[in-house]
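Whatever order the structure lists ligands and atoms in, that order sets their numbers, starting from 1. No hydrogens, no waters, no symmetry mates; every other heavy atom, side chains included, goes into these values.
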Amino acid sequence: MSYDFQSIEKKWQETWEKSGIFKADVESFKEKFYVLVMFPYPSGDKLHMGHWYQYGVMDSWARFQRLRKKEVFFPMGFDAFGLPAENFAVKHGMHPDKSTSRNIAYMEEQFQRMGVTYDFDYQVNTSKPDYYRWTQWIFLKLYEKGLAYRKKAPVNWCPDCKTVLANEQVHDGLCERCDTEVTQKDLEQWFFKITDYAQRLLDGLETIDWPDKTRAMQRNWLGRSEGAEVEFKLEDDSYSFRVFTTRPDTLFGVTYMVFAPEHPRVMEFTTEDRKSAVESYIQSTRKATEVERLSTTREKTGEFTGVFALNPVNGEKIPVWISDYVLASYGTGIVMAVPAHDQRDFEFASAFDLPIRKVILEPDTQPDYVLQEAYSGTGKMIESEKYDSMESEEMKAAVVADLEKDNLAELKVNFRLRDWLVSRQRYWGSPIPILYCEDCGEVTVPEDQLPVLLPSDVDFKPTGESPLKSCESFVDANCPQCGKRARREADTLDTFVCSSFYYLRYPDAHNQSQLADRETLQKMMPVDQYVGGPEHACMHLLYARFIHMVMHDLGYVNCPEPFSKLTHQGMILGPDGQKMSKSRGNTVSPDSYVENYGSDVLRLYLCFGFNYLEGGPWSEGGFKAAAKFTDRIWRLFEENQKIFLFSGPISEPGKEDRELLYHFHYTISQATRDTNKFQFNTSIARFMELYNALNDYLKKVAENSRNQGLLKHIFQSYLVLLSPFLPHFCEEWWQRSGQGESIFKQGWPEHDEKYLQKDEITMAVMINGKVRSQICVAANAAEDSVLDEALAQGQVQRHLDGKDLLKHIFVKGKLINLIVRG
Ligand code: ANZ
Ligand code: ZN
């Protein structure tokens with residue numbers, strides 16, 4: 001680079017820091033604009049290129065919004081608890097407290113070099129007691145509302161991370177973190193009752209400005225399913241049970257029933273002769289995960305229990321089986337099987353030679369047509385007694401209404417969403433504020449005794465047992481109710497709990513007596529623009545909405561949703577177009593670029609080289625182009641420095657001036673629109689064009705006939721336009737041009753429409769489709785004035801003489817066609 005970026009960047013970073021120019025005084029805010037980027041977890045020791053892309057570019061956006069005089073609140077913090085940080089510590093043989101503090105210090109230093117404008121006065125660090133006190137407080141609030149509970153349940157277990165995982169953290173049966181195959185384990189665990197909020201979580205999606213795809217993913221994850229519960233009973237009348245079905249219209253097609261193997265009543269009703277087979281089948285199914293079990297391609301297994309049930313619609317006797325394709329945790333854990341119309345049932349029936357009875361006629365087929373697979377569509381009913389020849393959709397409602405009279409059915413909505421598993425058998429997390437007293441049982445730690453401190457002197461290597469269990473000084477405590485001996489809960493909280501409310505803490509990050517002052521929250525919430533990766537669609541983004549809704553119900557916030565607008569940045573890939581990873585050897589480290597070109601150039605490239613929302617491969621050529629452009633504008637300012645010293649007025653623009661003014665105002669209008677919607681690349685392309693236009697002007701127009709006042713104005717505005725993308729560079733030139741106040745205190749330039757009109761154009765005047773004349777009008781001339789102009793033409797008047805003008809057809813910028821008669 002031809003300019004001394006090193007000293008310039010350092011100088012301005014120090015100046016900004018000293019002057020506190022980017023500090024946000026939340027208290028003085030009138031109309032806040034809350035910009036939030038998902039905070040990083042300190043897993044490695046440095047910020048990688050993905051971080052630069054996410055944080056650096058969003059910082060440019062925040063700078064842009066400030067120049068537009070928005071009262072921007074732009075905080076940053078660290079998601080410091082959890083597996084990434086703990087695994088780093090284990091690997092490097094350090095205590096996680098030490099390694100996270102060290103890594104955070106590195107990251108802060110890098111943020112500083114990036115020249116970001118976060119207000120670190122509002123920083124949060126989720127692993128510090130002054131933060132996790134509120135993580136625990138939220139736990140207590142949920143507990144009080146009956147939304148936090150403990151139960152023994154089969155849970156996802158990652159043998160490698162040696163901890164349980166939430167369903168959201170299991171992808172295709174593999175651990176989201178380490179890709180190890182997840183198994184099932186029966187463990188006593190803590191859950192948050194997010195299922196109570198399923199409908200609200202679904203409805204709220206209609207009220208927020210989020211990407212359609214993300215909303216669809218949440219909708220899908222919530223999995224609302226409308227159907228009915230229908231009551232069956234065992235043949236000997238010893239047991240009645242309900243099944244959940246979305247297809248009550250297929251009731252006459254039920255040829256067997258299936259219980260989930262874990263269903264608690266199975267062993268009770270299984271006949272003696274079937275007991276050992278059933279028992280060993282139950283044992284064999286313990287390991288499979290829910291995802292595997294629901295798979296349609298998985299080979300179907302199961303056992304007959306020896307008993308029969310009666311179909312409520314016709315009293316028919318149907319065999320009762322168990323199979324692991326039925327989940328214990330969904331619906332009632334029991335299925336009425338209709339092999340003709342459900343593919344899993346079809347496969348099961350085919351495997352075990354059970355009858356397949358068709359009750360819905362597929363359009364354009366005959367009743368005797370033999371099914372090759374289940375027909376899951378709609379059609380006319382057959383073999384269904386009084387419902388025969390009804391449309392299946394009609395029968396659905398009819399049969400439920402009929403059964404309802406005898407209390408044998410009711411409409412029912414189910415959600416696929418499960419409760420959120422929040423306890424972890426790992427060390428590096430917030431302790432759960434619960435004690436187990438010999439007398440009082442499960443007892444909460446009183447609010448005024450929070451936080452329950454995470455002890456540091458613990459052997460934290462993962463073993464599968466909660467490390468805190470072996471820390472006597474932690475576990476051994478007194479019951480807050482009766483004072484007797486009690487044991488502390490040794491599991492810690494999932495880090496997604498920490499990150500589910502951090503945006504509430506930011507505006508009042510140092511409040512010692514509350515999570516945040518209510519009035520401050522009323523003023524500062526919701527987040528106006530949230531930016532982060534799409535991988536969080538069904539985890540963080542769902543959890544945060546849930547916790548926010550609970551806080552809303554408790555009266556802490558008055559907006560029902562936390563994030564009004566959400567945008568996902570794309571992913572920056574290696575030069576080979578693959579995800580950057582150390583093992584692939586395709587990572588591009590930001591540090592050497594900052595070293596050799598300065599952080600401004602790296603930032604400019606990240607803005608210029610990608611569609612921000614899509615990302616793409618790193619391109620060395622693209623980077624060089626950004627560097628070259630920066631060099632060129634440096635030279636432009638340097639060579640024409642004296643323009644800044646001009647003190648006269650802007651004189652009346654001449655032809656060349658107007659050409660330049662057109663480019664200038666066009667750049668402003670496009671860049672404003674594009675930057676606002678995260679299209680930084682096209683904005684910067686406009687800046688490059690403006691550079692060319694300026695250069696052309698300087699080449700074409702002799703020095704003594706230049707419009708000095710105009711040039712000065714454009715040079716200054718150009719600096720402001722570039723400043724979000726080259727912050728140090730532009731601040732430097734702002735100062736060199738003789739300005740005292742920071743460039744970031746200036747206003748974003750506004751364009752003037754009048755300069756965007758390409759002066760005059762020629763339009764054809766036609767009469768009954770024939771060109772009769774031409775007129776010269778302003779490019780944007782309105783229909784009325786073009787008509788007047790056309791009618792004033794001598795040529796036209798001659799053709800119109802004595803005729804009636806019926807109507808006219810106007811094509812803007814091209815022609816006007818007069819339709820006449822006579
Ligand atoms: C009979 C039937 C006939 C069904 C038919 C479907 C088609 P969704 O849409 O996901 O809610 N089911 C109910 N409980 C289940 C469980 N615990 N484990 C596995 N499957 C279960 O799915 C609802 C359908 O899935 C229900 O409707 C039931 O099968 C099955 F032609 O009942 B259906
Ligand atoms: Zn007690």
Should you measure from each heavy atom of [X], which atoms of ligand 1 turn up under 4.0 Å away?
| X | value |
| --- | --- |
| Thr250 | 3 (C), 31 (F) |
| Phe244 | 11 (O), 13 (C), 26 (C), 28 (C) |
| Val326 | 16 (C), 17 (N), 18 (N), 19 (C) |

Do we see a donor-acceptor contact under 3.5 Å between the side chains of Tyr281 and Thr301? yes
Best match, Glu229, Met336, His341: closest heavy atom to atom 31 (F) of ligand 1: His341
Just going by heavy-atom distances, which of Tyr325, Phe415, Tyr375, Tyr330 is nearest to atom 19 (C) of ligand 1? Tyr325
Under 4.0 Å between a Lys/Arg side-chain N and an Asp/Glu carboxylate O for [X] and [Y]?
| X | Y | value |
| --- | --- | --- |
| Arg424 | Asp494 | yes |
| Lys469 | Glu465 | yes |
| Arg200 | Asp553 | yes |
| Asp491 | Arg426 | no |

For [atom], which protein heavy atom lies nearest, and how many Å away is it?
| atom | value |
| --- | --- |
| atom 12 (N) of ligand 1 | Val335 CG2, 3.4 Å |
| atom 25 (O) of ligand 1 | Arg344 NH2, 4.0 Å |
| atom 6 (C) of ligand 1 | Asp342 OD2, 3.3 Å |
| atom 24 (C) of ligand 1 | Thr246 OG1, 3.9 Å |

Would you call Leu327 a ligand 1 contact, heavy-atom distance under 4.0 Å? yes
Contact with ligand 1 for Ser225, non-hydrogen, under 4.0 angstrom: yes
Whether Glu383 side chain and Arg357 backbone form a donor-acceptor pair below 3.5 Å: no
With a heavy-atom distance limit of 4.0 Å, tell me whether Thr245 approaches ligand 1 through its side chain, its backbone, both, or neither. both
Within 45° of the ring axis of Phe191 and under 6.0 Å from its six-membered ring centre, is that where the NZ or CZ of Lys151 lies? yes
Regarding Arg416 and the six-membered ring of Tyr330, is the cationic atom NZ or CZ under 6.0 Å from the ring centre and inside 45° of its axis? no
